Number of protein chains: 2
Amino acid sequence: MIKKPTLHDVASLASVSQSTVSQYLNGRYKHMGKETRRRIEHSINTLQYKPNAVARGLKQKKTTTIGIIVANILHRFSTQVSRAIEDICHQFEYHAIICNADDDAKKEKKYIDMLKAKQVDGFIIIPTGLNEDLYKDLLEERYPLIFLDRKVEALPIPTVSLKNKKAGYEAATHLLDQNHRNIAYISSPLTVNTRKERYQGYVQALENAGIEVKEEYVFGGDINQLNHTLPDILEKNHPPTALICGNDRVLKNVLPILKKRDISIPQHLALLTFDEVEFSEFFTPTITTIEQPAYEMGVQAAELLLQRINGKAEQQREETYEFEPKLKVRESSLLKK
Amino acid sequence: MIKKPTLHDVASLASVSQSTVSQYLNGRYKHMGKETRRRIEHSINTLQYKPNAVARGLKQKKTTTIGIIVANILHRFSTQVSRAIEDICHQFEYHAIICNADDDAKKEKKYIDMLKAKQVDGFIIIPTGLNEDLYKDLLEERYPLIFLDRKVEALPIPTVSLKNKKAGYEAATHLLDQNHRNIAYISSPLTVNTRKERYQGYVQALENAGIEVKEEYVFGGDINQLNHTLPDILEKNHPPTALICGNDRVLKNVLPILKKRDISIPQHLALLTFDEVEFSEFFTPTITTIEQPAYEMGVQAAELLLQRINGKAEQQREETYEFEPKLKVRESSLLKK
DNA sequence: ATGAAAGCGCTAACAG
DNA sequence: CTGTTAGCGCTTTCAT
């Protein structure tokens, strides 16, 4: 890389001291000699000088960079959230470093460590939930920190999330309204509060309707095992007539299985999934979705974080910012076969 | 934020000098007293010392951070590419700052400037193509730089891309093989080489088949105008029986129009698009896609960049790394209405 | 085998 | 109004 001009270069060319140039750069040129100012400007232009943010960061203990840890950027939720955060950052001249923890505690830890080493000004994390000590450390070190999507109980960390129980409730209610009585529920492990709450909403809706929750219709585990377990569920004496997918990844694993078994949707089985499915409004079969306002959630998280970084809000409060799930019932596609 | 321990703290606790600790940290403890070493280790552990990457970066003029500028992270191609780059970076303990230029020259410039200020070690850019001077500057300043997806002619910058002409050729050929003769081609402005080449492939396929390319079937412009222009195209005397979308964004704008006009796919119109459409294999109508191996392309770009950063390859060579398009013909979905 | 000292590029008192 | 000075936390000769 080629040598870049420094403050020192600018200063000597303009025949002033570095501090004067520094003042200028930081907008403190109220009482600055008009001539001095002109010379500095000229000098900066001819040298094409650009301040070195690393040096400034070292001095000011502030990098205008934040760390984002998402589950997996390939998921639509993470993508939209990242985009939202990036947009807000851009607006305030911040930068975001995005990391994929893949629901892996080790990776999450490694990323947090690396980001700390890089002296990020704060974090937005979709926590795996598997590193409570780490989160607590972050808090004790007074890092501005916002959780997204998932909540870690008993840690006073502001959290932006969906009303997950409500989402689950609406999902089941929607299907009940269509006279489904045997509704399967397929999810990744119910260890994460988000998933658990959605499931609880489902349970509650069934109970309210006086319908027994049958364990045999429920799966909460490694979705790579679905090859074995889903067929079991579908072959019960009274097979489910409807199926809820806990998120878009679940859907992704469920679809091939249904396809292989030649199950028609929605005749044989009604399908409902959480999260957004791109283009779903144009396709048959109609898949009802319960979407999260992911972009808005990302904006909210970013704004909360920047407030905290800039001292406009106190960190150590357990606040929850909950968003409404959006049920999208698709009319049958017009693009039919 | 709470005060973090520094090298100095570690050194005094261990009763050695900073330089010794620094040696230790950088793995140069060949001839280091076993006892000294033990004390340093102990000291680091009790203080939970973590080196400050900003300070190190300032000194070493290396930040182990690279800048990525994509078109829009909400597009599948960008998402997959970002994920791939991030994976490779993680492997080599690098970090990526991802920015969305939104095909906007101003934003692209601003991001490049910000990333330079942050002293990134290199760039991977999906260039808007609108800032040739900037790219040239980057080159002259000897920044390691890789272009992705799009090529900027006459600049010796390694570029990872799809065989776009081939992709266009295959697209048209596939439809010709199904006896389509009137094939519409809808694209964003053909100013970007990627789009132009795809279109050229389409033209060539038609010419090879002895079919005249009718201008009235071709649209290359702002896809927000499609509301007006697409209906025109569909209402010709001999309307197209097939339609090619230049990328997934085009598809996204085309679908609502087709839906509103109640056009059945594929009976009234066969649809083919470049880029991946998630879940498309499970949906009706069947949309044939020509996918890019986006993840692999991202990996390639990241590897090329890291090689250059670490001096294992020279920058200033115009090399093109071209990937094969993947035609995916969908069998009619089993999940039918 | 270890330490002293200089300096990366910038900012922030404090003088003058 | 502008300059001097002292670091931010780390690495790196160069001595010892």
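Residue numbers start from 1 in every chain, and the chains themselves are labelled A, B, ... in the order their sequence lines are given, proteins ahead of strands. All figures in this text were calculated on a predicted structure; none of them were measured in a lab.
Remark: P of D:dC8 and NE2 of B:His8 are 9 Å apart, rounded to the nearest angstrom. For the pair A:Leu58 CG and C:dT11 P, the computed distance is 11 Å after rounding to whole Å. Distance B:Ile44 CD1 to D:dC10 P: 10 Å, rounded to the nearest Å. Distance, B:Lys118 NZ to C:dC8 P: 23 Å, rounded to whole Å. Protein atom CG of A:Leu25 is 8 Å distant from nucleotide atom P of C:dC10, rounded to whole Å. Between B:Arg56 atom CZ and C:dG7 atom C1' the separation is 17 Å, expressed in whole Å. What separates CD of A:Gln60 from P of D:dG7 is a distance of 18 Å, to the nearest Å. Rounding to whole angstrom units, NZ of residue A:Lys50 and P of C:dC10 are separated by 13 Å.
Map B:Ser17 and B:Lys61 each onto its nearest nucleotide of DNA chain C; the residue landing nearer the 5' end is B:Ser17.
OP1 or OP2 of D:dT2 has at least one side-chain nitrogen or oxygen of A:Thr36 nearer than 4.0 Å. Checking the phosphate oxygens (OP1, OP2) of C:dC10, a side-chain nitrogen or oxygen of A:Tyr49 falls inside 4.0 Å. Here A:Ser22 reaches the OP1 or OP2 of C:dT11: one of its side-chain N or O atoms lies under 4.0 Å away. In this model, the phosphate group of D:dT11 is approached by a side-chain N or O of B:Asn26 to a distance below 4.0 Å at OP1 or OP2. Between B:Arg28 and the phosphate of D:dT12, there is a side-chain N or O to OP1/OP2 separation shorter than 4.0 Å.
Contact annotation for B:Val54: no contact, since no heavy-atom pair falls under 4.0 Å across all strands. Residue-level contact check: A:Gln18 touches the bases, meaning some heavy atom is under 4.0 Å from a base atom.
Taking all atoms of both residues into account, the shortest heavy-atom contact from B:Ser19 to B:Ser17 is OG-OG, 2.9 Å. Nearest heavy-atom pair, B:Cys89 versus B:Ile66, reported as atom, atom and distance to 0.1 Å: SG-CD1, 3.5 Å. When every heavy atom of A:Ile2 is checked against every heavy atom of B:Glu140, the shortest pair comes out as CD1-O, 3.2 Å. Heavy-atom minimum distance, A:Val10 versus A:Ser43: O-OG, 2.9 Å.
Side-chain atoms of A:Asp149 never come within 3.5 Å of backbone atoms of A:Ile126 as a donor-acceptor pair (strictly under, hydrogens ignored).
Between the side chain of A:Lys59 and the base of D:dG7 there is at least one donor-acceptor pair of N/O atoms closer than 3.5 Å. Side-chain atoms of B:Ser19 and base atoms of C:dA4 include a donor and an acceptor less than 3.5 Å apart.
Of the candidate nucleotides D:dT12, D:dT2, C:dT2, D:dT2 has the atom lying nearest to any side-chain atom of A:Thr20.
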